[in-house]
Amino acid sequence: MPADSGRPSPAPRPGGRGPGARWDAREVAEREFSSELACTIRVPQRTAENLVAESRALAVDLPATRAALASGEISYRHAQVVVNQAWSVPAEGRAKFEAAVLKSAGTLTASKLKYNARILRERWHPETIKARYQKSVLDRAVFFEPEQDGMASLTFYASAEKAQAAYERVTLMALSLQCAEEERTLTQLKADVFEDLILDGVTPSGLGKGIRGSVNITVPVFSLMGLTDEPAHLEGYGPIDADTARRIAAGAPSFTRLLVHPETGVVLSVGRDRYKVPKDLKKYLRVRDETCRFPGCNRSTAHSGIDHSLDWQFNGLTAEDNLAHLCPPCHALKSETGWSVKHLENGVLEWRSPSGRAFVTEPATVIRAAAPVMPVQAVTPVQAVTPGHPVAPNSLGSPEPPGDPAPF
């Protein structure tokens, strides 16, 4: 159940479904199947759902496309183009649309076939393009995708005229910067112009003034001091070089440090005393998990809630070894279907599918317990340790967070 609200959810029915269950038996069966398929073939659940839908379309609705794929006349990418364009064509016109698209499919690239299919689709679609646009524009979004070597992609999905206008504006601004002294290529200039507009730009209404995006970075203390070049960890991305981490740290307005203390460290359990998760335990769980902990889900902890793996009403503890981040869709899957989860050592979660298969998810930051710290005569100072180094349990017997990860 979500633990951030400060109050427990209603007790579930047998089988995990609560009195306010939102899914009927058919939807539960479909969700269980698609989620287990996704875990089995190691793809996101939406990808698995699309594979099921594509397979159904090829098996039932588009026999000619399936035959062309089986004979090698077209590739699976070509078949996907036909399927994606045919889904919204009415059943009575689908066969004619399929025949028209397949006429030239064997001689076109997949991207060119997509262009042709989009044009042909207009002839057989019952709705006007205006009506479909009004629905599609609701799906506008921005996507972040990690890439290799410290790079990433930012995708702006919007109406065609706005995306085109944005691209033209960035291009014209980049062209205006070209001169004999400018060493950057036009491609590099466009990227730099876009970066400046996104990071520091202000809308006509004044929105964005003084607003800067924040990042959370876990930096090994010796690397931050310049004594080693051990990579830092950027939340939502992964390893980044030490120089970049130090540069970000130098301009950071504040630090959030998780330091190890043998007696008064971060609270890792409040047992049955409190349902709501305390602030320091939330920080610990965010560093440990980084994303939703359901297999294959990469939604960040910022868009997930903290869930009691063993429900509070069944005597589940508010403790690090009974709490994990789950995004709303994955939490619903756990609540409404036969999926179950168990905590193993070092933050590892073992998920059991409705059919009994086991899937394991590992934490972003591995935390290992070490031998207890012997008491000392003098006042014990706060100690910082580097990530990956064994850390001492606190007075509750739970492992402390990784040494001096400094998200900011």
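Aromatic ring orientation, F143 versus Y157: tilted (interplanar angle from 30° to 60°).
Under the rule for a side-chain hydrogen bond (donor to acceptor under 3.5 Å, both in side chains), the partners of D243 that lie at least two apart in sequence or sit in another chain are R246. Among residues two or more places apart in sequence or in another chain, the salt bridge (Lys or Arg N to Asp or Glu O under 4.0 Å) test is passed with R77 by none. Contacts of K112 classified as side-chain contact (heavy atoms from CB on, under 4.5 Å), with partners at least two apart in sequence or in another chain: L108, T109, Y115, N116. The side-chain contact (heavy atoms from CB on, under 4.5 Å) check on V43 picks up A38, I41, T47, A48, with sequence neighbours excluded. The side-chain contact (heavy atoms from CB on, under 4.5 Å) search around A95 returns none, not counting sequence neighbours. The side-chain hydrogen bond (donor to acceptor under 3.5 Å, both in side chains) search around D196 returns none, not counting sequence neighbours. Qualifying side-chain hydrogen bond (donor to acceptor under 3.5 Å, both in side chains) partners for W351, counting only residues two or more places apart in sequence or in other chains: none. Under the side-chain contact (heavy atoms from CB on, under 4.5 Å) criterion, A174 pairs with L186, L189, K190, V193, not counting sequence neighbours. Among residues two or more places apart in sequence or in another chain, the side-chain hydrogen bond (donor to acceptor under 3.5 Å, both in side chains) test is passed with E73 by none.
No side-chain donor-acceptor contact under 3.5 Å links N322 to the backbone of T318.
Sorted by first then second residue, the salt bridge (Lys or Arg N to Asp or Glu O under 4.0 Å) pairs that include residues 27-39, not counting sequence neighbours, are R26-E30, E27-R31. Evaluation of the salt bridge (Lys or Arg N to Asp or Glu O under 4.0 Å) test over residues 38-52, restricted to residues two or more places apart or in two chains, returns R46-E49. Screening residues 143-152 for salt bridge (Lys or Arg N to Asp or Glu O under 4.0 Å), with sequence neighbours left out, gives no hits.
The two residues K334 and D311 have their closest heavy-atom pair at NZ-OD1, 3.8 Å.
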